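A quick write-up on the structure given underneath.
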Amino acid sequence: MSEAAIHSAYPAATTSSGVGSGLLASLDPLLREWLPRQRWFAGKGRPVTGFTLVAATELLPVRAKLGLLHLLVRAHQPVLPTQGPGPHPGDCYQLLLGVREALPPRLAPALIGRPAEGPLAGLTVYEALYDPRPAEVLLEALRTRARVGDLRFERDMRQDIRAGLVPRLVTAEQSNSSIVYGDTFILKLLRRIVPGTNPDLELPLTLAREGCPRVPAPAGWLLAENAPPDEPYVLGVLQPYLKGAADGWELALRELAKGQDFAAEARALGRATAEVHTALARALPTVTLGRQQLELLVDGMTERLELAVQAVPVLRPYAPALRTAFAALADLAAEGRTWTAQRIHGDLHLGQCLRAPDGAWSLIDFEGEPSKPLAERRMPQPVARDVAGMLRSFDYASHSVPRAPVPGDGSVPTAADWAAKCRAAYCSGYAEVSGCDPRTDPVLLRAYETDKAVYEVVYEARHRPDWLPVPMAAIRRLAANEDLT
Ligand SMILES: Nc1ncnc2c1ncn2[C@@H]1O[C@H](COP(=O)(O)OP(=O)(O)O)[C@@H](O)[C@H]1O
Ligand SMILES: O=P(O)(O)O[C@H]1O[C@H](CO)[C@@H](O[C@H]2O[C@H](CO)[C@@H](O)[C@H](O)[C@H]2O)[C@H](O)[C@H]1O
């Protein structure tokens, strides 16, 4: 499809235009009900009290047989005491809405509703990504570098993107939404949108330029320009699809269930992590963290702990002991220790690692912790933070597979043995490539593992309460200062 065939009717950033507000008013009651049910909705547990339209673009005309609306919508919610001082404008979400007269039965699960009034009155509105046709429009727009209103579709011309690749929506649990095209490319559409350079595009582009093969090189990307406050929004990234790849989490659970160890893969993962870190340190600035910076880092960890205690009160009894892990780091800084910081992945765990059928590992999803401000996610940090994320993940895996009771005579490895072996192998692999074994800095590692476990407690309480016992078990061990490596 040519750019001309993609129709743009609404002016971009239609916050105050008559069409824009009429459109949102008609969608408001439907979105209030539908949005909080989505896996990627970040404001769970608080009602949505209203919406503001940030931008609306008509990718296919809504009065045609099939309409496609691209919306950036700010959802307003009551502010939590833990959110600190404002302003709190509400989270901005990217929505792709299909519009038809009636939904064919195969699209029934995608239904959002039928607006009673406004420009869409009498039509059926649904989640467009379930529908192949709108998904095709997105790929075609990337392929042809279309510009529609303020939407800018870009691509790397060195990668061949064939026309007509068949789309399918990824149904796995994720924080955003992804579409696979013909088992060749995968398009991740970010859901909670923040202005500015998004590391999910920035870091894979940087690594591709560095020739690092551990990350699929972006083939296309979608931006919104001129969105307030005048910084582009990164809305999506197209990357080569690693066909037949399995993620580290699936593989680890499979091996655990069979009673097999995972040390060889853990070592390969350590090597892959170090390759990525080494390339990032080459390409982007590194800084030295001295006493002052360390104090800020430790303050951040401590503050996150305090907020977590308020949000998830079962943490409270462990808080004093957990604080000592952070204080020990501050003590080292006070003695004059310094650390190097660089750009890192920021939310590394087994689910972010894909093993191709040939055994090669790739890292994906460089968005960082989605709940953190973008500026914080893009700050140089010690590599120990990513390492700690992976170490936590081996622990998560070992606690997630129900196993028959083990004899206790050492003949069958316990979950703890399994995780310990993975941890050691991962650190050895990391050291083989980087020349630096993360275990030689146990205070830093412990502080980051504690910080991560605290994050996980909040994450699980909010998104998957059944999983809460997994990070809580780690919290108990970290608080008891048990040897983790
Ligand atoms: N390049 C890729 N090749 C194959 N599968 C991928 C690729 N990138 C992501 N995936 C799969 O897509 C899903 C979502 O990817 P991810 O980037 O982690 O999204 P999110 O940030 O929404 O969690 C994961 O299940 C992952 O395994
Ligand atoms: O992959 P995302 O960017 O969506 O990351 C978030 O969700 C993860 C869960 O899907 C969560 O990871 C936690 O659970 C994993 C098992 O499902 C485990 O491997 C990780 O170690 C654990 O942290 C992640 O923290 C969150 O940011």
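All values derive from a computational prediction rather than experimental measurement. Read the numbers this way: they start at 1 and go in the same order the structure lists the ligands and their atoms. In what follows, every heavy atom counts, from backbone to side chain, and hydrogens, waters and symmetry copies are set aside.
- Shortest contact from atom 21 (O) of ligand 2 to any protein heavy atom: Ser393 OG, 3.0 Å.
- Residue-level proximity to ligand 2 for Arg464 is carried by the side chain, the only part with a heavy atom below 4.0 angstrom.
- Between Asp365 and ligand 2, at least one pair of N/O atoms sits closer than 3.5 Å.
- Selection from His349, Lys372, Glu456 by nearest heavy atom to atom 22 (C) of ligand 2 gives Glu456.
- The closest protein non-hydrogen atom to atom 10 (N) of ligand 1 is Ile186 CD1, 3.6 Å.
- With a 4.0 Å cut-off on non-hydrogen atoms, Glu369 does not touch ligand 2 at all.
- Scanning the protein heavy atoms around atom 11 (C) of ligand 2, the nearest turns out to be Tyr459 CE2, 3.9 Å.
- Asp451 pairs with exactly one of Arg385, Arg304, Arg446, Arg392 by the side-chain hydrogen bond (donor to acceptor under 3.5 Å, both in side chains) rule, that one being Arg304.
- Ser177 and Arg39 share no donor-acceptor pair across their side chains, judged by distance under 3.5 Å alone.
- For ligand 2, the polar-atom distance check finds an N/O of Ser175 within less than 3.5 Å of one of the ligand's N/O atoms.
- Taking atom 5 (O) of ligand 2 as the reference point, the nearest protein heavy-atom neighbour is Asp347 OD2, 3.3 Å.
- Atoms of ligand 2 found under 4.0 Å from any heavy atom of Tyr455 (numbered from 1 in listed order, with element): 25 (O), 26 (C), 27 (O).
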